[in-house]
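Structure record follows, encoded as structure tokens.
Small disclaimer: the values here were computed from a predicted structure and weren't measured. When reading the values below, keep in mind they use all heavy atoms of this one structure, side chains included, and skip hydrogens, waters and symmetry mates. Each ligand, and each atom within it, is numbered from 1 in the order the structure gives.
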Amino acid sequence: MIMPRRIPDIAIIGAGAAGLACAERLVERGLQVQVYDKGRQPGGRVAHRARGGLEFEHGAPGYRDRILSLSSRVPIASRCRVTGLARTDEGRWRVFVDGHPLRSLHAEVVLAMPPQQTAALLQVAPELARPLERVTMRPVLTAMVGLPRPLGRSFDHIAFDEPSLAEARRQPGDTVVGPEGWVLHASAAFSRDNIECEPGAVAEHLWQRFRNNLGLVATTPLYLRGHRWRFGRTETPLGTECLHDRELGIGVCGDWCLGDGVEYALASGRALAARILGIPERRSGTITAAREGKA
Ligand SMILES: Cc1cc2nc3c(=O)[nH]c(=O)nc-3n(C[C@H](O)[C@H](O)[C@H](O)COP(=O)(O)OP(=O)(O)OC[C@H]3O[C@@H](n4cnc5c(N)ncnc54)[C@H](O)[C@@H]3O)c2cc1C
């Protein structure tokens with residue numbers, strides 16, 4: 001991990017849309033931030049994987065450029081799983097990564113993760129943790145499938161009316177002759193009932209359902225992987241854009257504060273930045289619904 005030369009004022013845990021939007025606003029106003037994320041790359045549930053010449057967006061599709069643009073403007077330490085926070089007698093925050101304390105101390109800390117992961121770090125601020133108990137998230141099981149040839153059909157999105165497979169999305173890329181990527185999403189009920197199943201077995205099941213539904217009997221995929229989103233989509237949001245304790249210097253944000261979807265995550269992150277800065281939030285419009293499949 002590369003540590004910044006000047007000790008950052010604010011530590012942001014989580015480089016998803018919410019954490020990055022918060023970080024960008026703070027940096028714009030001249031604050032020094034350091035973002036930490038346990039993943040290999042930023043984006044969180046705006047997830048992207050490149051395999052065998054194929055690109056898969058196996059979380060929220062259509063937001064990759066937005067994430068790349070945000071993440072180019074803020075310092076991010078990847079592969080850093082934050083396991084604890086401690087407040088010093090001087091009122092500054094120490095961050096623990098994989099059980100080890102980091103040397104730098106921060107004036108403020110932002111938690112930009114799903115509520116269950118946020119709550120695990122909030123023993124230091126029980127008043128902030130309590131409202132999170134009413135938030136519920138639902139899991140989503142997904143499969144990434146690389147087909148040897150394009151399906152040759154004109155649609156990019158297929159909705160299924162069956163118990164396990166809910167939808168399939170064609171992935172971006174040149175699909176005239178070469179391989180073609182699809183991401184399959186399990187239904188809410190199937191995801192909930194099978195969340196502890198091995199993702200490879202889930203991927204195989206979803207692929208079989210896709211294959212049977214589309215009559216692709218002779219097709220063998222070039223690539224097949226499953227992914228488990230344990231906290232995939234917001235079911236019951238908190239009902240407020242973010243939480244912030246100015247005295248302690250700690251705040252939380254994420255899609256789940258306001259609703260389900262990337263736009264809610266971005267709005268929540270920006271709202272928390274405004275609270276930290278003590279300025280009114282600049283609003284670009286009202287979000288009425290999570291954008292489904294923006295691409
Ligand atoms: C399969 C799927 C499809 C979706 N489709 C759509 C769609 O079509 N349209 C739409 O608008 N939304 C969609 N969504 C929802 C959208 O992805 C989320 O609303 C949004 O990305 C949430 O952003 P966030 O920043 O709040 O959280 P996240 O993206 O979850 O970011 C949290 C970050 O915190 C990190 N983290 C967690 N714990 C720690 C720790 N202890 N230490 C360090 N880092 C940590 C994680 O690695 C992650 O990067 C979809 C989600 C899924 C799962």
Side-chain angles (χ1 to χ4, degrees), residues 1 11-24 34-49 56-64 66-67 70-71 76-85 95-99 102 109-122 135 137-144 157 166-169 183-188 191 195 206 226-235 237-238 241-242 252-272 287 289-295:
M1 181 178 51
I12 298 182
I13 326 294
L20 293 175
C22 181
E24 188 213 29
Q34 177 64 45
V35 183
Y36 299 94
D37 198 284
K38 66 183 168 78
R40 268 177 293 190
Q41 57 192 25
R45 279 173 279 155
V46 180
H48 170 263
R49 188 179 292 186
F56 296 99
E57 293 183 328
H58 56 294
Y63 284 94
R64 188 157 178 249
R66 186 84 167 271
I67 292 294
L70 285 172
S71 53
I76 303 170
S78 298
R79 298 174 197 255
C80 286
R81 180 186 293 273
V82 174
T83 50
L85 299 171
V95 173
F96 289 70
V97 170
D98 288 324
L102 300 182
V109 67
V110 164
L111 304 180
M113 305 172 292
Q116 293 78 359
Q117 291 161 332
T118 300
L121 292 177
L122 272 182
V135 179
M137 305 287 286
R138 69 172 171 87
V140 188
L141 295 173
T142 60
M144 290 158 265
H157 178 245
E167 58 173 307
R169 287 179 191 275
V183 170
L184 316 181
H185 289 190
S187 67
S191 297
I195 186 64
L206 294 178
H227 190 90
R228 176 199 288 154
W229 294 106
R230 199 175 280 280
F231 312 113
R233 313 284 312 238
T234 308
E235 235 172 16
L238 182 66
E241 51 195 6
C242 61
V252 306
C253 60
D255 58 344
W256 52 272
C257 287
L258 286 167
D260 176 45
V262 178
E263 296 299 332
Y264 286 114
L266 294 166
S268 175
R270 289 190 298 253
L272 180 54
I287 304 164
R291 272 198 279 178
E292 278 300 319
K294 179 179 163 282

Identify, by atom number and element, the atoms of ligand 1 in contact range of [X], meaning under 4.0 Å from any of its heavy atoms.
X      : answer
Gly43  : 29 (O)
Gly232 : 51 (C), 53 (C)
Ala265 : 22 (C), 23 (O), 24 (P), 26 (O)
Gly254 : 26 (O)
His185 : 1 (C), 3 (C)
Gln117 : 37 (C), 38 (N)
Gly16  : 25 (O), 29 (O), 31 (O), 33 (C), 49 (O)

Answer yes or no: does an N/O atom from [X] fall short of 3.5 Å to an N/O atom of ligand 1?
X      : value
Val82  : yes
Asp37  : yes
Pro61  : no
Leu121 : no
Ala17  : yes
Gly14  : no
Arg233 : yes
Arg81  : no
Tyr63  : no

Which is it for [X] and ligand 1 at heavy atoms under 4.0 Å: side chain, backbone, both or neither?
X     : answer
Arg45 : both
Pro42 : neither
Cys80 : backbone
Ile13 : side chain

Worksheet item: Stepwise, does the side-chain contact (heavy atoms from CB on, under 4.5 Å) test hold for Val252 with Leu238?
Response: CA-CA 11 Å; Val252 306; Leu238 182 66; 5.6 Å; no
If you take all heavy atoms of [X] and [Y], which pair is closest and at what distance?
X      : Y      : answer
Tyr63  : Glu263 : OH-OE2, 3.1 Å
Gly14  : Val35  : O-CG1, 3.8 Å
Leu206 : Thr142 : CD1-C, 4.2 Å

Taking atom [atom1] of [X] and atom [atom2] of [Y], what is their separation to the nearest 0.5 Å?
X      : Y      : atom1 : atom2 : value
Cys242 : Leu258 : SG    : CG    : 8.0 Å
Arg230 : Gln117 : CZ    : CD    : 10.0 Å
Met137 : Trp229 : CE    : CH2   : 11.0 Å

Tell me if a side-chain donor or acceptor on [X] pairs with a main-chain N or O of [Y] at a distance below 3.5 Å.
X      : Y      : value
Glu57  : Gly62  : yes
Ser268 : Asp255 : no
Trp256 : Met113 : yes
Arg45  : Ala60  : no
Thr234 : Gly259 : yes
Arg228 : Ile195 : yes

Against ligand 1, does [X] come closer than 4.0 Å with any heavy atom?
X     : result
Gly62 : no
Ala21 : no
His58 : yes

Worksheet item: Looking at Ile12, Leu266, Val110, which hits side chain to side chain contact (heavy atoms under 4.5 Å, CB included) with Cys253?
Response: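 Filter result, single survivor: Val110.
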Fill in: Option nearest atom 32 (C) of ligand 1 (shortest heavy-atom distance, choices Ala112, Gly269, Gly44)
Ala112
Item to complete: Kindly identify the option in Gln116, Lys38, Met137, Arg40 whose heavy atom sits closest to atom 44 (N) of ligand 1.
Response: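 Among Gln116, Lys38, Met137, Arg40, the closest heavy atom to atom 44 (N) of ligand 1 belongs to Lys38.
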